[in-house]
Amino acid sequence: MRIVFLGPPGAGKGTQATMLTEQLGYQHLSTGDMIRDEMDRGTELGQFAKTFYDKGDLVPDGTVIDMIKFRLADAENVILDGFPRTVVQAASLDDELSKIGVSLDRVVFFRVDVEELIDRLEKRREIEGRVDDEPEAIRHRMNVYNRETAPVVDYYRDNDRVTEIDALGTIDNVRGRLIEAIE
Ligand code: AMP
């Protein structure tokens, strides 16, 4: 199964992807985690990405696509979390998968309300101290999401590939809905 998790920042994609991949023995591919790892190691890519990341901007498509591309080929059971985030990335993902003769099995859209999101991101900042969870950066990331990533949901909807879940509620509630959605 190749599954994409889509939804705004703070919708719980990362938390659910971590739990579900552990439970199912899937690979968890998170471009956000890969970028944080590059930044922590101070690599050239990490230093470049940081100039976008810290402001809550998207890292350029080419960089992200190059980073994830070679991992797709041998990822048979995988949850993609935080990728694709632009229509260019979504089209490139379709291309890469078609080269190996496969396609996505599910695209799950996490539906949440914005007030709830801001609340969640503020709590996450208290716990994890992520610079991109500062109030200014949160607002900016929401705008970026609406401008760049919301069209990705439409891209998949056009092809009838989206399963929508209500992502409000406890982690266990959401997990239950998610399992139903991907079964
Ligand atoms: P996340 O951990 O998924 O919330 O991602 C945190 C940050 O990493 C984003 O605000 C972007 O700066 C960067 N990022 C993660 N995934 C992508 C992506 N697919 N395309 C561009 N930038 C990304």
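First listed ligand is number 1; within each ligand, the first listed atom is number 1.
Counting heavy atoms from C-beta on, the side chains of S103 and R2 never come closer than 4.5 Å.
A salt bridge does not link E164 to R177: none of the charged side-chain nitrogens sits closer than 4.0 Å to a carboxylate oxygen. With respect to the salt-bridge test (charged N to carboxylate O, under 4.0 angstrom), the residues E134 and R125 qualify. At a threshold of 4.0 Å, the pair D37-R41 counts as salt-bridged, since one of the basic side-chain nitrogens sits closer than that to a carboxylate oxygen. One finds a salt bridge joining D94 and R161 here, because a Lys/Arg side-chain nitrogen approaches an Asp/Glu carboxylate oxygen to under 4.0 Å. In this structure, K99 does not pair ionically with D95, as no charged nitrogen and carboxylate oxygen lie closer than 4.0 Å.
Protein residues having at least one heavy atom under 4.0 Å from any atom of ligand 1 are T31, G32, I35, R36, Y53, D57, L58, V59, V64, G82, F83, R85, Q89, R130, D132, R141, listed by chain and number.
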